[in-house]
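Written below as C-alpha cells is the structure these notes are about.
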Amino acid sequence: MVMEETERRIGLSLGERRTALCTDGGRKQLSFPTVLCRSKRGEEWRIGEAALEMGRDGSGFLLEQLFSLYRKGESASLGDRKYSAEELMETFLRLVLEEAGGGEKRDGKEEEGESGEQEESGEQEQGPEALIEEIEDAALEPEDSPVSEEAEAEAEEESGGEAFPDFLPGRSILVVSLRFMDQALMERLRALLSAMLGESFELCILTHTESFIHYMLRQEKLLYNRKVGMFELEDRSLSYYELRVTQGAKKCAFAFSEPQDESISLEALETESGQKTGDRILRRLAERKLQKGNYGLVMLCGKGFENTDFARNFMSYLLKGRKVCTEQQLIALGALYYSEVLAAERTEDCRLLCDSRVCCDISLRVSVRERDKSLILASAGEPWMGLSTEHELILDGQNYIDFRLSPASSMGSASQLRMHLNGFPERKDRSVRIVLKTSFPDGEHFRVEVRDDGFGEIYPSSGAVLTEELDLRKTAGGA
C-alpha cells in the first residue's frame with residue numbers, strides 16, 4: 001500500500017493529567033498537561049503549559065480537571081459563560097490536533113513558544129549512564145530548524161484563524177489511547193471526534209494496555225522473548241503493566257495493567273525527602289511484582305521517569321539481570337504504531353489478549369442440515385467494544401444453551417457455561433424458535449439475550465425474554 005503524502009497517522013494518549021501526541025512516524029512527539037484556559041478578553045484558548053501560564057498571570061480562566069469533568073459529563077463556567085463537557089473537550093482536542101498538523105517537528109518546544117519552556121517529548125533525559133539502555137528505534141532524529149513567529153502567523157491566517165485547519169485530507173487515521181476501557185466514555189469520545197473530523201478520517205480508540213502491546217511488538221523479538229514489566233509514573237498516578245508473548249501455532253500476546261494505590265507527586269520529587277519516598281515506593285513495588293517470573297526487560301514510561309536520578313535503589317534492583325529502557329511517550333507511540341497497522345490493512349502477527357480484546361473463543365454447537373458445526377459468537381483477540389451478534393435458532397429438545405469457551409493459546413482446556421431457559425414454553429421437539437443476541441458490556445462479561453420467537457402460526461411467540469451475563473473470568477480462556 002502506497003501512502004499518499006496528505007495522509008496522516010496520529011497516536012494520541014489522553015489522560016487525566018497529561019496528554020501526549022505522536023505523528024510523522026514518531027519523529028514528532030509532544031506532551032503537555034491536560035488543561036484548558038480561555039482568555040478573559042474573548043474566545044481565545046490555550047492548552048498545556050501555555051494554558052497554565054495564562055492562568056498564572058491572571059489573563060485567563062483555567063480549567064485543570066478537564067478530563068475528569070468530561071468523564072463525568074459535567075459542565076463548567078469560565079467567566080460569564082457556561083460550557084458543556086462536550087464543548088470543552090472538543091475545544092481541547094481541536095487545539096491538540098492542530099499541534100499534529102501544524103509546522104515542522106519542534107523537538108522539545110511548545111507550539112505556542114511564548115514561555116520558551118522545554119516540551120516533554122520522547123527524547124530521554126537519562127539518569128546515570130550505566131543504568132539505562134535505550135531502544136534504538138525509539139530515539140528521536142536531530143532537531144529541525146525552528147519555525148519563525150512570522151511563518152506561524154502567516155500559516156494561521158491562511159487556515160482561517162479559529163476555523164479547524166484542513167490538514168488531514170485523504171484517509172488519515174487517529175488512534176486514541178485511554179487508561180481504562182469505559183465503553184460509555186469511548187462511545188461519547190468517538191461521536192465527538194467523528195463529528196469533528198468527518199468521514200475522511202478513520203478513528204480507533206483503545207487502552208493504554210493495548211498501546212503497550214503494539215509498542216513492544218514493534219521492537220526486536222529478543223526484547224520480549226521473556227516477560228516484560230513496565231512502570232508508568234505520572235503526577236499522582238503510578239501503574240504497573242506486564243506482557244507475555246507465547247510462541248507456537250497459537251501465538252498470543254497477553255498483557256494487563258494494575259493502577260497502584262500508592263502514588264507519587266512529581267512536585268514532591270523536587271525535594272530530597274520526596275525523592276527518598278518516591279524511591280522507596282518504587283522499590284517496594286518492583287520487589288513485589290518482579291520477584292517471581294522470568295523478566296528480560298523492564299520499561300519505564302511517563303513524565304515521572306524523565307529523570308531517574310531520584311530512584312537509585314529502584315533502578316539498582318531493576319538492573320539485576322534485566323534490561324531497562326525508558327520511553328516517556330510509549331503509550332502514544334503504541335497508538336501511532338497501531339495506526340500504521342490499520343493503514344496497511346493488516347493485523348498483528350499474534351492474538352492480542354488484554355482489557356480491550358475478547359479473552360477467549362466463544363461458540364455454540366449447532367446442527368446444520370443434520371451436520372454438527374461450531375457457531376462462532378466471538379473470537380479471542382477481537383476488540384469487544386461494539387461487537388454483537390444475532391442468530392435465529394431452533395431448540396432441539398432442550399431448555400438450556402451451552403456456550404463453549406476455548407482458550408486463545410494452546411495452554412489450558414476449553415470450558416462450558418450453561419444458560420438455563422427457565423420460563424420458556426414447553427413444546428414438541430424442534431418447535432421452539434429463539435432469537436439469540438450477544439454483546440459485551442465490558443471485557444470480563446458476555447451478555448446473552450434469548451427471546452422466544454414462536455413457530456409460525458402454530459405457536460405464536462410467548463414474549464418470553466431472558467438476559468444473562470456470563471463471567472468470562474471464571475473460564476480457562478482468560479489471560
Side-chain angles (χ1 to χ4, degrees), residues 73 180-188 190-191 194 205 351-408 412-479:
F180 300 113
M181 199 73 184
D182 183 327
Q183 186 160 212
L185 174 64
M186 290 181 164
E187 288 174 351
R188 285 174 54 213
R190 177 181 292 276
S194 296
I205 302 178
R351 287 183 171 187
L352 310 187
L353 301 174
C354 60
D355 52 0
S356 55
R357 301 288 182 131
V358 180
C359 67
C360 58
D361 294 327
I362 306 174
S363 61
L364 294 174
R365 295 300 297 174
V366 298
S367 177
V368 180
R369 298 183 181 90
E370 306 302 325
R371 296 183 63 180
D372 286 348
K373 64 173 291 186
S374 181
L375 175 62
I376 303 298
L377 302 175
S379 297
E382 283 187 286
W384 59 258
M385 193 176 83
L387 180 62
S388 62
T389 67
E390 181 172 337
H391 300 279
E392 290 189 357
L393 304 169
I394 294 176
L395 298 180
D396 189 7
Q398 62 190 59
N399 66 342
Y400 57 86
I401 300 175
D402 286 332
F403 296 92
R404 181 180 176 84
L405 298 103
S406 305
S413 57
S415 58
Q416 184 172 285
L417 293 178
R418 174 167 292 184
M419 179 180 180
H420 292 278
L421 303 180
N422 298 325
F424 265 56
E426 295 183 5
R427 302 182 186 131
K428 293 187 295 183
D429 287 354
R430 300 191 179 186
S431 60
V432 179
R433 184 171 61 189
I434 63 172
V435 175
L436 176 74
K437 295 182 179 181
T438 67
S439 61
F440 289 83
D442 54 52
E444 298 176 341
H445 297 88
F446 184 59
R447 179 178 291 149
V448 181
E449 178 186 294
V450 182
R451 185 183 76 240
D452 174 26
D453 206 35
F455 199 81
E457 296 181 356
I458 303 175
Y459 297 111
S461 172
S462 65
V465 178
L466 288 178
T467 302
E468 189 171 327
E469 287 189 6
L470 307 180
D471 191 344
L472 301 179
R473 292 171 297 182
K474 299 177 182 178
T475 73

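All values below were derived from every heavy atom in this structure, side-chain atoms included, with hydrogens, water molecules and symmetry-related copies excluded.
Nearest heavy atoms, L466 versus L421: CD1-CA, 3.5 Å. Listed here is the closest heavy atom pair of V358 and A378: CG1-CB, 4.2 Å. Nearest heavy-atom pair across E444 and D471 is O-OD1, 3.5 Å. The shortest heavy-atom contact between G454 and R433 is O-CB, 3.1 Å. Shortest non-hydrogen contact noted between A408 and L353 is CB-CD1, 3.5 Å. In terms of heavy atoms, D452 sits closest to G463 at OD2-N, 4.3 Å.
Counting heavy atoms from C-beta outward, S363 and L375 have side chains that stay 4.5 Å or more apart. L377 places a side-chain heavy atom less than 4.5 Å from the side chain of H391. For the pair I401/V448, no side-chain contact is recorded, criterion being any heavy-atom separation below 4.5 Å from C-beta on. With contacts defined as side-chain heavy-atom distances shorter than 4.5 Å, the pair R365/D402 does not qualify. Between L185 and F180, every side-chain heavy-atom pair lies at or beyond the 4.5 Å cut-off. At a threshold of 4.5 Å between non-hydrogen side-chain atoms, the residues D442 and M181 do not count as touching.
In this structure, the separation between CD on E392 and CG on L436 is 11.0 Å, given to the nearest 0.5 Å. Rounding to the nearest 0.5 angstrom, the gap separating the CG atom in L405 from the CG atom in L472 is 6.0 Å. From E469, atom CD reaches atom OG of S439 across 8.0 Å, with rounding to the nearest 0.5 Å. To the nearest 0.5 Å, the span separating CD on E468 from CZ on R418 amounts to 12.0 Å. With rounding to the nearest 0.5 angstrom, the CD atom of E187 is 9.5 Å from the CG atom of D182. Between L417 atom CG and Y400 atom OH the span is 14.5 Å, to the nearest 0.5 Å.
Using cut-offs of 30° and 60° on the angle between ring planes, the pair F446 and F403 is perpendicular.
Between R451 and D453, at least one side-chain N (NZ, or NE/NH1/NH2) sits under 4.0 Å from a carboxylate O, which counts as a salt bridge. A salt bridge links D361 and R351; the closest N-O separation between the charged side-chain nitrogens and carboxylate oxygens is under 4.0 Å.
Q183 contributes a side-chain N or O that, together with a main-chain N or O of P441, makes up a donor-acceptor pair within less than 3.5 Å.
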